[in-house]
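Some notes on the structure that comes next.
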2 protein chains.
Amino acid sequence: MRYKTVIVDDHPIVISGIAGLLSELENIEIVEKFESGIALLDYIEDHKIDLILMDIFLPIINGVDLCKTIKQKHPKIVIIGMSSQSERSLVMQFIQNGGNGYILKNASFDEFKNCIYKAIDGEIVFSEEVKTIISQPLSEDLERIPGLSRRERDIALLLSQGKSTQEIADDLFLSFLTVQTHRRNILQKYKMKNVAELIAFLLKNNMLN
Amino acid sequence: MRYKTVIVDDHPIVISGIAGLLSELENIEIVEKFESGIALLDYIEDHKIDLILMDIFLPIINGVDLCKTIKQKHPKIVIIGMSSQSERSLVMQFIQNGGNGYILKNASFDEFKNCIYKAIDGEIVFSEEVKTIISQPLSEDLERIPGLSRRERDIALLLSQGKSTQEIADDLFLSFLTVQTHRRNILQKYKMKNVAELIAFLLKNNMLN
DNA sequence: TAAAAAATACATTTTATCAGGTATTGCTAC
DNA sequence: GTAGCAATACCTGATAAAATGTATTTTTTA
């Protein structure tokens with residue numbers, strides 16, 4: 001039996017690369033390639049598919065939602081997610097929405113092949129780097145870094161725009177003293193010495209915007 | 001004549017995709033593929049190369065710095081940058097460091113081909129989406145962003161770590177007053193109100209590290 | 001090698017931040 | 001329905017940063 005496979009990625013080059021790789025696999029048959037999830041959803045209604053390789057960052061509808069939608073109607077289709085960088089929470093979400101595996105695009109050809117074969121056999125698969133990312137930081141990542149509250153985020157954002165305490169108070173129709181308190185709370189929460197260090201920290205952890 | 005070409009990308013799949021594309025072009029010959037810039041820098045000393053296609057986001061050394069380093073020694077090599085997302089400032093930086101073009105990875109095969117041919121002919125080329133991104137605020141960006149000097153970068157980096165002027169002075173064995181002057185110069189250069197805004201600006205434009 | 005850029009240094013005034021403690025009100029989740 | 005968090009607000013002293021002006025030396029580079 002040959003597994004009817006589709007590839008979804010908004011980068012033509014990546015599609016071509018994966019197609020080249022898959023063509024080496026005996027029992028895989030690429031039946032279609034898409035640059036967006038919408039096109040795939042159309043196609044899937046009228047055609048039999050066994051395996052989907054999809055990018056997570058797609059225009060219009062993202063990979064996580066796409067996976068969820070497909071799995072609801074077609075739970076037997078094996079879906080493997082891919083992306084360039086991986087965040088722990090993203091991978092978890094994808095799997096919770098029915099994904100059968102997750103591969104980083106910097107994985108080697110052998111990793112790709114192994115993961116695809118194992119996924120077809122019913123395993124949940126991850127490429128090496130994904131494994132290390134999802135296996136470690138339960139204590140460090142989720143517990144250690146508390147989030148900003150709504151107001152704190154507003155204020156942090158304005159701080160990153162160079163606004164002074166007074167200017168922020170005026171912008172948000174708050175007392176100067178309130179803003180001062182929020183600012184102090186943020187600094188204490190992350191044990192930062194001053195606003196400069198705070199902004200660097202927040203930006204590096206994607207906690208602004 | 002066949003142009004000796006190398007591909008640099010940390011995603012094996014992308015390398016494979018580009019290689020597939022380039023194999024259709026008569027006068028392009030792929031002589032080597034690398035997953036990091038370090039390996040390329042070694043190779044380039046002993047081998048003739050005419051064209052480099054490189055990812056911008058690479059481990060260890062990034063594409064912008066890699067391009068600069070190569071161009072200093074080998075100005076005749078045509079270098080085209082690639083990335084998945086494009087920020088205006090990043091593209092500009094790349095070109096200012098000697099890059100001959102910039103292509104988004106979601107470009108079509110035809111776009112890739114055209115850009116490569118034109119770049120070989122001496123043009124500075126951009127894929128369609130890059131063009132739209134860089135063409136907008138013409139007047140603002142042509143008075144381009146000046147860079148940080150070495151010392152300024154040192155100081156900006158320490159500022160982003162929350163150090164005070166006095167601490168920086170101690171760290172770098174400088175007078176408090178010297179650091180104060182540098183800090184002021186940096187703020188004035190980018191017309192920033194304070195260090196917080198400066199750090200946000202520098203990080204967003206990848207000017208630290 | 002001359003000009004430009006970068007790095008160094010000093011002095012002062014005004015303004016803002018940081019750090020300490022305290023307290024009230026409104027949600028909201030258990 | 002209450003405990004806990006979030007948001008609001010006040011006070012003050014010490015410290016640091018920002019704004020302004022000037023000037024010498026070293027290094028790059030055209």
Side-chain angles (χ1 to χ4, degrees), chain A residues 142-203 207-208, chain B residues 65 68-69 71-75 93 96-98 143-203 205 207-208:
Chain A
L142 292 176
E143 281 184 85
R144 212 184 63 183
I145 303 176
L148 288 167
S149 72
R150 262 162 294 158
R151 212 41 158 175
E152 286 171 347
R153 222 191 87 272
D154 293 343
I155 287 168
L157 190 64
L158 292 169
L159 283 172
S160 78
Q161 290 164 16
K163 301 260 173 104
S164 70
T165 304
Q166 186 61 61
E167 285 172 330
I168 294 171
D170 294 344
D171 280 12
L172 300 179
F173 304 104
L174 293 174
S175 156
F176 173 88
L177 298 150
T178 303
V179 177
Q180 199 169 277
T181 303
H182 280 304
R183 215 239 312 268
R184 173 183 35 175
N185 289 341
I186 303 172
L187 287 175
Q188 275 173 356
K189 185 185 287 187
Y190 302 113
K191 296 191 180 68
M192 294 289 146
K193 290 201 218 46
N194 54 40
V195 176
E197 192 185 12
L198 175 71
I199 297 302
F201 171 80
L202 294 177
L203 284 176
M207 295 170 72
L208 282 179
Chain B
D65 292 342
K68 190 180 180 184
T69 307
K71 278 285 183 175
Q72 275 166 354
K73 275 204 166 185
H74 312 276
Q93 253 186 292
Q96 272 157 30
N97 283 324
E143 41 170 331
R144 51 173 249 247
I145 303 171
L148 288 167
S149 72
R150 260 162 297 159
R151 211 42 156 176
E152 286 171 347
R153 220 190 91 270
D154 294 342
I155 287 168
L157 190 63
L158 291 169
L159 284 171
S160 78
Q161 291 164 14
K163 303 260 173 107
S164 71
T165 304
Q166 186 61 60
E167 287 171 329
I168 295 171
D170 293 345
D171 279 13
L172 301 178
F173 304 104
L174 291 174
S175 158
F176 173 87
L177 297 150
T178 303
V179 177
Q180 196 169 279
T181 303
H182 279 304
R183 214 240 312 273
R184 169 182 38 174
N185 289 341
I186 304 172
L187 287 174
Q188 275 175 355
K189 187 185 286 188
Y190 302 114
K191 298 191 179 69
M192 294 290 146
K193 290 200 221 39
N194 54 39
V195 176
E197 190 184 12
L198 176 71
I199 298 302
F201 171 80
L202 294 177
L203 283 176
N205 290 284
M207 293 168 74
L208 282 180

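Throughout, protein chains are lettered first and strands after them, A, B, ... in sequence-line order, and every chain is numbered starting at 1.
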Check: Looking only at side-chain N and O atoms, does B:Arg151 come under 4.0 Å of OP1 or OP2 in C:dT8?
Finding: yes
Checklist line | Value in whole Å for how far the C1' atom of D:dA17 lies from CD of B:Glu197 | finding: 15 Å
Notebook entry, point to check: In whole angstrom, what separates B:Leu174's CG from C:dA7's P?
Noted result: 10 Å
Note to self: I need the minimum non-hydrogen distance between A:Ala200 and B:Ser160, along with the two atoms involved.
What the structure shows: CB-O, 3.5 Å
Note to self: Any side-chain N or O of B:Thr165 below 4.0 angstrom from OP1/OP2 of D:dA17?
What the structure shows: yes
Next item on the list: Rounded off to whole Å, could you give me the CZ-to-C1' distance for the A:Phe176 and D:dA9 pair?
Entry: 12 Å
Check: In whole Å, what is the span from the CG atom of B:Leu172 to the C1' atom of C:dA9?
Finding: 15 Å
Check: Can you tell if the side chain of B:Gln161 reaches within under 4.5 Å of the side chain of B:Leu157, non-hydrogen atoms only?
Finding: yes
Note to self: Using OP1 and OP2 only, check whether a side-chain N or O of B:Thr178 sits under 4.0 Å from C:dT8.
What the structure shows: no
Check: Do A:Ile186 and A:Leu198 touch side chain to side chain, with heavy atoms closer than 4.5 Å?
Finding: yes
Next item on the list: Would you mind reporting whether B:Glu167 and B:Leu158 have side-chain heavy atoms less than 4.5 Å apart?
Entry: no
Next item on the list: For residues B:Arg151 and B:Leu174, determine if any side-chain heavy atom of one lies less than 4.5 Å from a side-chain heavy atom of the other.
Entry: yes
Notebook entry, point to check: How long is the line joining NE2 of A:His182 and P of D:dC10, in whole Å?
Noted result: 13 Å
Checklist line | Over 12 foreign heavy atoms within 6.0 Å of NZ, B:Lys71 | finding: yes
Next item on the list: Find out whether A:Leu148 and A:Leu202 are in side-chain contact, i.e. whether some heavy atom of one side chain is under 4.5 Å from a heavy atom of the other.
Entry: yes
Notebook entry, point to check: For the pair made of CD1 in A:Ile168 and P in D:dA9, what is the distance, rounded to whole Å?
Noted result: 14 Å
Next item on the list: Take the protein atom CD1 of A:Ile186 and the nucleotide atom P of D:dT8, then report the distance between them rounded to whole Å.
Entry: 12 Å
Next item on the list: Take the protein atom CG of B:Leu177 and the nucleotide atom C1' of C:dC10, then report the distance between them rounded to whole Å.
Entry: 5 Å
Atom pairs under 3.5 Å, N or O on each side, protein against nucleotides 18-24 of chain D: can you list them with distances?
{"residue": "D:dA18", "atom": "OP1", "partner": "B:Val195", "partner atom": "N", "Å": "3.3"}
{"residue": "D:dA18", "atom": "OP2", "partner": "B:Arg183", "partner atom": "NE", "Å": "3.1"}
{"residue": "D:dT20", "atom": "O4", "partner": "B:Arg184", "partner atom": "NH1", "Å": "3.1"}
{"residue": "D:dG21", "atom": "N7", "partner": "B:Arg184", "partner atom": "NH1", "Å": "2.9"}
{"residue": "D:dG21", "atom": "O6", "partner": "B:Arg184", "partner atom": "NH2", "Å": "2.9"}

Notebook entry, point to check: Where the side chain of A:Glu152 is concerned, which of D:dA7, D:dA9, C:dT8 is the nearest nucleotide?
Noted result: D:dA7
Item checked: Per B:Ser149 side chain, nearest of listed nucleotides D:dA17, C:dT17, C:dA6 -> C:dA6
